[in-house]
Amino acid sequence: MDMSNNNYKPLWLKGGLLYAKALKDAGYHPVEVGLGERDFYVDVESETSITMNEADKLIEKVKSEGSVDVKVNAEVSPSNETPSHFKILNISVHHPDPSRQLVRIRGVAFSSEEQLKDYLSWLEKVSEIDHRILGEKLDLFSFHEESGPGLVLYHPNGQVIRNELMNFMREVNSSMGYNEVYTTHVYRSELWKISGHYELYKDKMLIFNHEDDELGIKPMNCPAHILIYKSRSRSYKELPIKFSEFGHVYRWENKGELYGLLRVRGFVQDDGHVFLMEDQLEQEVKLLVSKTLEVLSMFGFGKDSVKIYLSTRPDESIGTDKQWEKATSSLENALKSLKQPYEVKEKEGAFYGPKLDFEIKDSLGRSWQLSTIQVDFNLPERFKLEYVDRDGEKRRPVMVHRAIFGSIDRFLAILLENFRGKMPTWLSPVQVRVIPITSEVQEYARRVMQEFSSQGIRVDLDDSSETLSKRIKGSYDDGVPYIVIVGKKEASESKVTLRGRNNVEIRGVPLVSAVNEVKGEISRRDVNQTALERLRS
């Protein structure tokens, strides 16, 4: 079943209207029926939420006829066919204004039980791939009507992954000599006029007036990094100067272009800028290309899945022929020295200099630009940047823009889909879950938990009354990479049963060995479950 088309949307809309009538008959106040990408929704004005159990019971009250006075938000008309099989998928709450609360009930409706079963089977497969569904399922992030489209809110689990990615990139940046800075989000329009963004990028900027100033929220971090460079005089002895920042930028993309974390309006870049002399360019680019490929390979994106494009001088550009030749050669030579294949995009460089763009293919075969290395003559000229050369003369530095992850949000989405939500252990919000088989070994289970926790491993305990098999399945569904099972035998011998993904299990593992191997896997940032591999060898 291919649910990517609109074949079922008229039927879903009809089902939503019938379900809204059942809600009204039951005493609720439905106000809007509409269509999502894969379901219908009914918004109910209510001071309290509606439980899934309450929503499910109303399915039995759905009648095949009748109408309800609600707003309809859909580009299709309701089907003439009457659905008879419903499934409620999700319930959430949002606030269209301070005085009203709406409960949104999402569901689907079909004419036959077979269609419904096929759909739910398809949805289960999609939920293993689509980062938006994975994000909801794993409680990583959410988007809300009240806050606005394209503006993501990260939950605790999602923030753990973001922090791990940023901590890793901090190490990468440090290894290349970057110093981290922080810059604010809003600047006077004068700054954006100097940089050229006011003229060239205004349609994607948020510009507003306050008191006597016109201000703009930053779409890029480079002008602020330039101001830090300009805060004092610079000598050739200091160059290259490297600034890095996890800068939150805002680009007001069209609403129809928004797509989960892959295209948002507010996102964080692992941004960096290098101020250097022209004769330092080639060495710096080699370092950046090498590090970028190294970082991408650590996440499983080897050379076969990374494509590099070199974009050359466009017809409209600034700078001398010599500068462009030197900059383009530095990019080409870096690629050739690494024996890295690339394609040339003639005349598609920025007007201020040539660039390299790194694209990867995601799990669905779509190409996404992530990393970028750009050589810039324009902004140093616009801002009159200077350094004092060996001969005491003032000269203009060259500027290199670079981002390795690109957008951390987009990178996170691609990782979620690539790993089907089963993130590498070092990125997983919960890395180990301890499950005692019986209540008699709870004390030992807590000791096991403490041993993992003392080594900085994110661990929790599931001592619920559910069966062992249900708790194991729940751990898999939550994306937990390691399950530690303890029973009487394990408790008496200070051992554990260590269970990984794909039902791989090792019994009788000494607790100390299990802790050390999992810790080693995390510290190495391994993509695969090497702790299991090492314990089995």
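No experiment lies behind these values; they were computed from the predicted model shown. FYI, the numbering just counts along the sequence from 1.
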Is any side-chain heavy atom of [Y] closer than 4.5 Å to one of [X]?
X: K218; Y: T183; answer: yes
X: Y476; Y: R499; answer: yes
X: I161; Y: Y154; answer: no
X: Y482; Y: S428; answer: no
X: F267; Y: V152; answer: no
X: N173; Y: K242; answer: no
X: Q455; Y: I522; answer: no
X: L511; Y: V448; answer: yes

Under 3.5 Å, is there a donor-acceptor pair linking the side chains of [X] and [Y]?
X: S142; Y: H144; answer: yes
X: H401; Y: T372; answer: no
X: N502; Y: Q529; answer: no

Member of D478, V484, I485 meeting the side-chain contact (heavy atoms from CB on, under 4.5 Å) criterion with R433: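 Option passing the side-chain contact (heavy atoms from CB on, under 4.5 Å) with R433: D478.
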The test is side-chain contact (heavy atoms from CB on, under 4.5 Å); show your working for S233 and V388 and say whether it passes. CA-CA 8 Å; S233 60; V388 179; 5.7 Å; no
Hey, are [X] and [Y] close enough for a salt bridge, meaning a charged N less than 4.0 Å from a carboxylate O?
X: R402; Y: E284; result: no
X: K286; Y: E282; result: yes
X: K204; Y: E253; result: yes
X: K326; Y: E278; result: no
X: E214; Y: K202; result: no

Among all residues two or more places apart in sequence or in another chain, which pass the side-chain hydrogen bond (donor to acceptor under 3.5 Å, both in side chains) test with R524?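 Checked R524 against side-chain hydrogen bond (donor to acceptor under 3.5 Å, both in side chains); matches are D526, T530.
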Nearest heavy-atom neighbours spanning [X] and [Y]:
X: K422; Y: G479; value: CD-CA, 4.2 Å
X: I129; Y: E417; value: O-CG, 2.7 Å
X: M399; Y: P380; value: CB-CG, 3.7 Å
X: S371; Y: L296; value: OG-CD1, 4.1 Å
X: A334; Y: V285; value: CB-CG1, 3.7 Å
X: P240; Y: L276; value: CB-CB, 3.8 Å

Do M423 and L412 pass the side-chain contact (heavy atoms from CB on, under 4.5 Å) test, and can you show the C-alpha distance, the side-chain angles, and the key distance before you say yes or no? CA-CA 10 Å; M423 301 292 270; L412 173 53; 4.1 Å; yes
Quick one: does any side-chain atom of [X] pair with a main-chain N or O of [Y] as donor and acceptor, under 3.5 Å?
X: N418; Y: I414; result: no
X: S311; Y: E346; result: no
X: R106; Y: L89; result: no
X: Q283; Y: Q280; result: no
X: D213; Y: L215; result: no
X: R263; Y: G260; result: no
X: E146; Y: H95; result: yes
X: S453; Y: M449; result: no
X: Q340; Y: L335; result: no
X: W368; Y: R410; result: no

Starting from the C-alpha separation in whole Å, work towards a yes-or-no answer on salt bridge (Lys or Arg N to Asp or Glu O under 4.0 Å) for E381 and K384. CA-CA 5 Å; E381 186 66 38; K384 309 301 180 188; 3.6 Å; yes
Parallel, tilted or perpendicular: which describes the rings of H248 and Y250, with under 30° parallel and over 60° perpendicular?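 Rings of H248 and Y250: parallel, under 30°.
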Take Q269 and N221, measure what side-chain hydrogen bond (donor to acceptor under 3.5 Å, both in side chains) needs, and give me the verdict at the end. CA-CA 9 Å; Q269 293 177 306; N221 303 296; 3.2 Å; yes
Looking at [atom1] of [X] and [atom2] of [Y], how far apart are the two atoms once the value is rounded to the nearest 0.5 Å?
X: D271; Y: F243; atom1: CG; atom2: CZ; answer: 12.5 Å
X: R170; Y: N163; atom1: CZ; atom2: CG; answer: 8.0 Å
X: L153; Y: S147; atom1: CG; atom2: OG; answer: 5.0 Å
X: E386; Y: F275; atom1: CD; atom2: CZ; answer: 14.0 Å
X: M277; Y: D389; atom1: CE; atom2: CG; answer: 7.0 Å
X: S330; Y: I373; atom1: OG; atom2: CD1; answer: 9.5 Å

Who are the salt bridge (Lys or Arg N to Asp or Glu O under 4.0 Å) partners of E521, not counting sequence neighbours?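 Residues passing salt bridge (Lys or Arg N to Asp or Glu O under 4.0 Å) with E521: none at all.
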Which residues pass the salt bridge (Lys or Arg N to Asp or Glu O under 4.0 Å) test with K345, sequence neighbours left out? none
Would the number of heavy atoms belonging to other residues, nucleotides or ligands and lying under 6.0 Å from [atom1] of [X] be above 12?
X: K193; atom1: NZ; value: yes
X: E124; atom1: CD; value: no
X: K137; atom1: NZ; value: yes

Does the side-chain contact (heavy atoms from CB on, under 4.5 Å) test come out yes or no for L379 and S195, once each step is laid out? CA-CA 6 Å; L379 290 182; S195 70; 4.1 Å; yes
For the pair T328 and R313, evaluate side-chain contact (heavy atoms from CB on, under 4.5 Å) and give the outcome as yes or no after the intermediate values. CA-CA 9 Å; T328 305; R313 187 176 190 175; 5.9 Å; no
Please name the residue in the list E164, E171, E294 that meets the salt bridge (Lys or Arg N to Asp or Glu O under 4.0 Å) test with R525. E171
Would F299 and F411 satisfy ring-ring contact (aromatic ring centres under 6.0 Å, His included), going step by step from the backbone distance to the final call? CA-CA 10 Å; F299 294 90; F411 196 73; 5.0 Å; yes
